[in-house]
Number of protein chains: 2
Amino acid sequence: MPDVILDNKVFYNPVDFALKKIGGTWKMPVLWRLRIKTMRYSEIQEHIKHISQKMLTQTLKQLEADGFIDKKIFAEVPPRTEYSLTEKGRKAIEVIDYLRNYGLNLMLEAGINYQEMVEQEKRKKI
Amino acid sequence: MPDVILDNKVFYNPVDFALKKIGGTWKMPVLWRLRIKTMRYSEIQEHIKHISQKMLTQTLKQLEADGFIDKKIFAEVPPRTEYSLTEKGRKAIEVIDYLRNYGLNLMLEAGINYQEMVEQEKRKKI
DNA sequence: CAGTATCCAATATGATACTG
DNA sequence: CAGTATCATATTGGATACTG
């Protein structure tokens, strides 16, 4: 397999390329939240447990630069910014959905019923 | 999303779980090579450009521990070891194939015809 | 041949304080 | 509210030398 160089980065193969675009700890969680609706910065942060301001900002910046999301700034006080999926971002959702189902299967094989865990957490919050 | 803890590791979500099992730089390349046939250590190393001995050993060890590959040691001199996919490993190939196709599409959008690059490299070697 | 062991560099992520 | 800037830490990967 030949190496590919783009924007001064080296990609070893197509999977490496895909995962350098939407992989890492936070890109898929952010895209996944946006599949439902347009969200503002603080809203995304509230929805994703553990994510720091630094990583959220960095993740949003890269996803926008790579064309997966759109950013709309409203000239208001206090400022408001809204993020939404592009068509390219919506294609990525299919990949995330596929990977997510595979992950759920792997977890079941390991004896973890994740969907049930999610249900239990909902009940606690009510 | 609740966190999941298994073997002293924290997983944030199902995608995180899947990619901690078959993600990283080298696991998918190794699994992908084994989809064709059983291979020995040195054979895998020759097929995967850039991979170091350390990373190959570590990758094989983790894939075996997680049940994606089988390791068979032959009591010969010099020693011979063969690695092959398990049924779980063959399921992972489907995921890799999916991700690979997505990566090829992303590359095309970025103006990179990877399949053509692979063809050109073959011609050079002949 | 098929690994181990050790040390080092690069990158990814986190914590904290500050700002238009 | 939506960031930036800086410093610290953790994880990953690479280089090199050695071994049953």
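In what follows, chains are A, B, ... by sequence order, proteins preceding strands, each numbered from 1. Side chains included, hydrogens not; waters and symmetry mates left out as well; all remaining heavy atoms used.
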- For the pair made of CG in Asp16(A) and P in dT12(D), what is the distance, rounded to whole Å? 16 Å
- Task: Output yes when at least one side-chain N/O atom of Thr57(A) is less than 4.0 Å from OP1 or OP2 of dA2(D), else no.
- Result: no
- Task: Could you tell me whether Lys61(B) contacts a base, only the sugar-phosphate backbone, or nothing, with contacts defined as non-hydrogen atoms closer than 4.0 Å?
- Result: sugar-phosphate
- Message: The test is salt bridge (charged side-chain N to carboxylate O under 4.0 Å, His left out); show your working for Lys37(A) and Glu43(A) and say whether it passes.
- Response: CA-CA 11 Å; Lys37(A) 61 179 174 83; Glu43(A) 214 179 345; 2.4 Å; yes
- Of Trp26(A), Tyr114(A), Trp32(A), which is the lone residue that meets ring pair (Phe, Tyr, Trp, His ring centres under 6.0 Å) with Tyr12(B)? Trp26(A)
- Heavy-atom pair with the smallest gap, counting every atom of Lys27(B) and Ile22(B): CB-O, 3.6 Å
- How does protein reach along nucleotides 9-15 of chain C, written 5' to 3' as B (base within reach of a heavy atom under 4.0 Å), S (only sugar-phosphate), or - (no contact)? ----BBB
- Got a salt bridge between Glu116(A) and Arg123(A), using NZ or NE/NH1/NH2 to carboxylate O under 4.0 Å? yes
- Message: For a quick test of reading the model: is some side-chain N or O of Lys71(A) closer than 4.0 Å to OP1 or OP2 of dG3(D)?
- Response: yes
- Counting heavy atoms not belonging to Lys49(A), are there more than 12 under 6.0 Å from its NZ? yes
- Any side-chain heavy atom of Glu94(A) sitting closer than 4.5 Å to one from Tyr98(B)? yes
- All heavy atoms of Arg90(A) vs all of Leu85(A), minimum pair found to be NH1-O, 3.6 Å
- Is there a donor-acceptor pair closer than 3.5 Å between any side-chain N or O of Arg35(B) and the backbone N or O of Leu31(B)? no
- Item | Side-chain heavy atoms of Ile112(B) within contact of Met117(B), under 4.5 Å | yes
- Query: Can a side chain N or O of Tyr41(B) be found less than 4.0 Å away from OP1 or OP2 on dT4(C)?
  - Reply: no
- Interatomic distance, Leu60(A) CG vs dT4(D) C1' [rounded to whole Å]: 14 Å
- Message: In this structure, how many angstroms lie between the C1' atom of dC1(C) and the CE atom of Met39(B), rounded?
- Response: 15 Å
- Message: For a quick check of understanding: with a heavy-atom distance under 4.0 Å over all strands, which category does Phe74(B) fall into, base, sugar-phosphate or nothing?
- Response: nothing
- Query: Are any side-chain N or O atoms of Thr86(A) and backbone N or O atoms of Phe68(A), one a donor and one an acceptor, separated by less than 3.5 Å?
  - Reply: yes
- Message: Heavy atoms from C-beta onward define the side chain here; which of dC1(D), dG3(C), dT4(D) lies closest to that of Ser42(A)?
- Response: dC1(D)
- Task: Note every stem involving DNA chain D: at least three consecutive Watson-Crick or G-U wobble pairs, i with j then i+1 with j-1, with both distances under 3.5 Å.
- Result: C:1-20 with D:1-20
- Write down the distance between NZ (Lys20(B)) and C1' (dT12(D)), rounded to a whole number of angstrom. 13 Å
- ILVMFWY network linking Ile36(A) to Leu34(A), side-chain heavy atoms under 4.5 angstrom: no
- Separation of atom CD in Gln62(B) from atom P in dG3(C), rounded to whole Å: 14 Å
- Item | Lys21(B) to Phe17(B), cation-pi by 6.0 Å centre distance and 45° axis angle | yes
- Determine: side-chain N/O of Arg40(A) to OP1/OP2 of dA2(D), distance under 4.0 Å, yes or no. yes
- Taking atom P of dC1(C) as reference, at what distance in whole Å does atom CD of Gln45(B) sit? 10 Å
- Euclidean distance, atom NZ of residue Lys72(B) to atom P of dA2(C) [Å, nearest integer]: 15 Å
Check nucleotides 17-20 of chain D against the protein and report each pair of N or O atoms closer than 3.5 Å, with its distance, or say if there are none.
none

- Taking atom P of dG14(D) as reference, at what distance in whole Å does atom CD1 of Ile48(B) sit? 12 Å
